[in-house]
Amino acid sequence: MADSTNAHAKRTTLSSIHSEMEFIRYAIDSAAIVAMTDVRGTITFVNSKFCEISGYSQEELIGSNHRMLHSGMHDVAFFRAMYRRIANGKVWHGEICNRRKDGTHYWVDTTIVPHITAKGKVDSYTAIRFDITARHEAEAMLRRIVSVDSLTGIPNRRRFQEHLESVLNISGCPPSSVHLALLDIDTFKEINDTFGHDIGDELLTIFSERLGLFVTPDVFVARIAGDEFGIVMTGIQDDNVLAFLDQVLTSLREPVKLSTTTRRCSASIGVASFPQHASSLDELFKAADMALYRSKALGRDQAKFFIPRLREVAERKSELLHAVADGLDRGQFHLYYQPLVPSDPHSPISLEGLLRWNHPDQGLITPNAFLVDMDDPGLLAAIGMFVVKQAFEGMEVIDGESLPVGRIAINVTNADFRSDAFVDRFFELSLQTGIAPDRFCVEVTEGVFLGRDFQHLEGRLSRLHEAGVEIALDDFGTGFASLTHLRRMPIDRIKIDRSFVSNLTTSVEDLAIVRGVIDIAHSMAKVVTAEGVETREQAELLQHLGCDYLQGWYFAKAFNIERLPYVLSHLPRLPVSRNDI
């Protein structure tokens with residue numbers, strides 16, 4: 001009886017286990033893609049999920065080699081590493097792209113488990129897979145989103161850099177076989193300012209479409225930033241690069257319909273070659289950028305190759321910027337002064353503060369030697385802060401010694417008006433020292449008015465002007481819209497450029513220009529200063545023409561504040577008083 005009971009219990013347990021295994025198989029078959037192969041890759045079993053995702057029937061799959069599912073997405077090295085691992089009896093896990101019967105691809109997260117016999121040999125493999133195609137499609141879409149410019153639909157800077165890195169890393173790449181071109185639209189700022197940003201975006205889209213026509217397996221185009229595009233050429237010889245880019249420029253010159261008008265636009269291109277001009281990606285970008293700058297400097301609407309001299313110039317410029325910043329920190333800069341002498345002896349003398357660098361090797365040098373090509377706004381703004389502080393300190397010396405000086409004029413740049421910082425600092429110094437704003441003059445050139453933020457510039461100049469600061473327009477007559485600025489901006493004084501004064505006594509044309517400027521300025525109630533007065537004859541003639549103030553070496557070269565009493569006592573006397581004319 002006991003034996004019969006034990007036998008029944010045993011049958012019940014085996015039956016229960018059998019049912020659980022069937023359920024496990026059912027569960028796996030419902031969720032996972034399962035297949036078995038022999039050691040040669042011949043398929044011996046597939047479940048329904050495998051048939052469903054692959055598009056093949058069991059009859060088509062069983063007995064066939066698993067290579068029938070290869071998509072071509074993985075190279076030989078990939079499969080070689082996988083087979084080496086499972087052949088050694090180890091589990092392999094990874095992601096594989098397979099091909100369906102209809103030719104489309106699908107991705108599966110795959111675990112391959114080798115079956116090892118009692119003798120320790122592998123005789124088959126079981127692969128359990130899960131469909132991750134949706135995830136890969138989402139990742140591909142995300143890669144496209146982060147790699148494509150949203151406005152133009154062409155590759156963006158990130159994708160451009162990835163492509164450039166990939167072509168530069170190709171082994172066996174022959175010398176000078178990779179060319180990087182950077183392209184800027186010449187009139188983009190004007191289009192934006194005239195028609196608005198929507199039309200500017202339309203122009204970018206049109207240019208992108210035209211550039212897209214040149215895309216081939218050897219030519220890659222992307223929008224890098226703003227109106228800058230990049231072109232990578234990998235199959236074009238050096239001698240043919242400029243000819244190809246000329247075709248690009250010709251296409252871009254075709255008329256463009258913008259809003260209600262048709263415009264002709266152009267572009268500038270700079271080109272650099274790898275490894276001829278650079279040994280790294282970063283150097284290649286810099287070389288192409290320098291070539292682009294050269295193209296613009298030479299007149300725009302053209303393509304120019306990088307030349308080594310550009311790098312030398314850039315390196316010298318970088319060294320100069322570092323030296324200027326270091327000199328500013330070390331107290332090597334000083335404000336020197338030159339008198340503005342009134343034609344009317346009853347009016348006070350004014351001074352212009354002139355920046356000087358007491359260079360440790362070159363001695364005293366003027367801004368023309370270190371500021372002309374400086375385009376570092378931060379450093380220029382720091383210099384501007386230094387100058388205004390020096391001007392207040394100079395005025396403190398003047399008032400402390402009761403010297404007969406009216407105003408101190410200082411020169412400002414675009415960088416000084418990038419924000420409210422310069423103007424705020426001016427008024428802060430005025431409060432700290434007790435020196436009124438009307439003891440100063442701010443001299444601007446026409447270049448200050450050509451910045452993008454004209455409205456804010458006008459507001460900052462007006463803040464100074466309303467507080468009593470005199471505003472002077474320097475180098476008058478050398479710009480193209482000076483009369484417009486005289487009418488629109490709060491300008492009190494104009495300074496006739498020295499180029500007209502130097503030949504005043506010998507050139508009928510310069511004499512006519514100076515006379516006309518003085519008459520126009522006076523008709524607009526502006527004060528006039530003539531720069532570059534070097535002879536008594538020039539001083540007399542300017543006085544007779546009615547010029548209000550004279551400035552130049554005839555009266556004094558630039559000097560430090562300590563010499564001011566001596567200079568004031570030794571100024572040449574003007575031969576004729578304006579009141580006697």
Side-chain angles (χ1 to χ4, degrees), residues 331 333-358 363-367 386-411 429-430 433-443 468-470 472 474 492-493 495-496 498 501-502 504-505 527-581:
F333 285 84
H334 307 278
L335 207 59
Y336 276 51
Y337 297 90
Q338 191 174 41
L340 281 69
V341 180
S343 292
D344 182 355
H346 303 294
S347 298
I349 289 170
S350 289
L351 300 174
E352 180 180 357
L354 302 169
L355 188 63
R356 294 293 183 265
W357 183 8
N358 190 9
L364 206 64
I365 55 179
T366 68
F386 168 80
V387 167
V388 72
K389 185 173 185 297
Q390 286 275 299
F392 271 92
E393 290 176 358
M395 190 61 83
E396 283 184 309
V397 172
I398 289 168
D399 288 350
E401 298 184 16
S402 300
L403 299 173
V405 173
R407 296 178 186 261
I408 289 181
I410 56 174
N411 295 278
L429 288 168
S430 179
T433 61
I435 300 173
D438 63 7
R439 300 293 304 281
F440 296 94
C441 171
V442 166
E443 294 189 4
V469 178
E470 185 181 63
D474 202 3
D492 306 291
R493 177 191 298 262
K495 301 187 74 173
I496 301 174
R498 65 181 64 250
V501 175
S502 60
L504 184 65
T505 59
V527 176
V528 183
T529 296
E531 298 179 298
V533 179
E534 297 184 357
T535 67
R536 180 187 179 90
E537 190 178 8
Q538 290 171 348
E540 287 184 0
L541 182 53
L542 285 165
Q543 220 181 0
H544 279 289
L545 292 173
C547 189
D548 303 292
Y549 284 82
L550 311 178
Q551 177 183 359
W553 284 8
Y554 173 69
F555 301 99
K557 294 184 178 181
F559 52 86
N560 58 37
I561 194 68
E562 289 78 14
R563 283 183 51 82
L564 179 57
Y566 174 84
V567 171
L568 291 177
S569 63
H570 289 78
L571 281 175
R573 296 177 65 86
L574 285 173
V576 180
S577 170
R578 185 176 172 186
N579 292 333
D580 297 332
I581 296 175

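Heavy-atom basis, side chains included; hydrogens, waters and symmetry copies ignored.
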Under the 3.5 angstrom rule, does the side chain of Arg356 hit a backbone N or O of Phe333 as a donor-acceptor pair? no

Distance in Å, Leu545 CG paired with Glu540 CD, rounded so as to fall on 0.5 Å steps: 12.0 Å

Do Pro404 and Ile349 have side-chain heavy atoms sitting under 4.5 Å apart? no

Just wondering, do Arg536 and Pro572 contact through their side chains at under 4.5 Å, heavy atoms? no

By side-chain contact (heavy atoms from CB on, under 4.5 Å) - contacts of Val387 (at least two apart): Leu335, Leu355, Ile383, Ile410

Would you compute the distance between atom OH of Tyr336 and atom CG of Leu564 and round it to the nearest 0.5 angstrom? 13.5 Å

Minimum heavy-atom distance Lys557-Phe559, with the two atoms named: O-CD2, 3.2 Å

How close do Glu534 and Trp553 get, heavy atom to heavy atom, and via which atoms? CG-CB, 4.5 Å

With Phe440, which residues qualify under ring-ring contact (aromatic ring centres under 6.0 Å, His included), at least two apart? Phe392, Phe426

Gap separating the CG atom of Leu351 from the CG atom of Leu568, nearest 0.5 angstrom: 7.0 Å

Calculate, to the nearest 0.5 Å, the distance between atoms OG and CZ belonging to Ser430 and Arg439 respectively. 11.0 Å

Take atom CD in Glu537; do more than 12 heavy atoms of anything else shown fall under 6.0 Å from it? no

What closest approach, in Å, do Tyr549 and Ser347 show between heavy atoms, and which atom pair accounts for it? OH-CB, 4.0 Å

Has the side chain of Ser350 got a donor or acceptor atom that lies under 3.5 Å from a matching backbone atom of Ile408? no

Quick check: does any side chain N or O of Gln390 sit under 3.5 Å from a backbone N or O of Phe386, one acting as donor and the other as acceptor? no

Starting from the C-alpha separation in whole Å, work towards a yes-or-no answer on side-chain contact (heavy atoms from CB on, under 4.5 Å) for Val397 and Leu403. CA-CA 9 Å; Val397 172; Leu403 299 173; 5.6 Å; no

side-chain contact (heavy atoms from CB on, under 4.5 Å), that's the test. Do Leu340 and Arg493 meet it? Break it down for me. CA-CA 12 Å; Leu340 281 69; Arg493 177 191 298 262; 4.1 Å; yes

Work out which heavy atom in Asn411 is nearest to a heavy atom in Gly353; give both atom names and the distance. ND2-O, 3.7 Å

Here the pair of heavy atoms bringing Leu571 nearest to Pro339 is CD2-CG, 3.9 Å

Could you state the interatomic distance from OG1 (Thr366) to CG (Leu354), rounded to the nearest 0.5 Å? 9.5 Å

Could you please spell out the steps behind the side-chain contact (heavy atoms from CB on, under 4.5 Å) verdict for Val527 and Asp492? CA-CA 6 Å; Val527 176; Asp492 306 291; 6.0 Å; no

Supply the atom-to-atom distance Cys547 SG to Ile496 CD1, rounded to the nearest 0.5 angstrom. 5.0 Å

Only one of Lys495, Gln338, Arg407 forms a side chain to side chain donor-acceptor pair (under 3.5 Å) with Glu352, so which one is it? Lys495

Stepwise side-chain contact (heavy atoms from CB on, under 4.5 Å) check, Glu531 with Val501: CA-CA 7 Å; Glu531 298 179 298; Val501 175; 5.8 Å; no

Please give me the minimum heavy-atom distance between Ala556 and Val567, naming the atom from each residue. CB-CG1, 3.8 Å

Hey, is the main chain of Val528 close enough, under 3.5 Å, to the side chain of Asp548 for a donor-acceptor pair? yes

Phe555 meets the ring-ring contact (aromatic ring centres under 6.0 Å, His included) criterion, sequence neighbours left out, with none

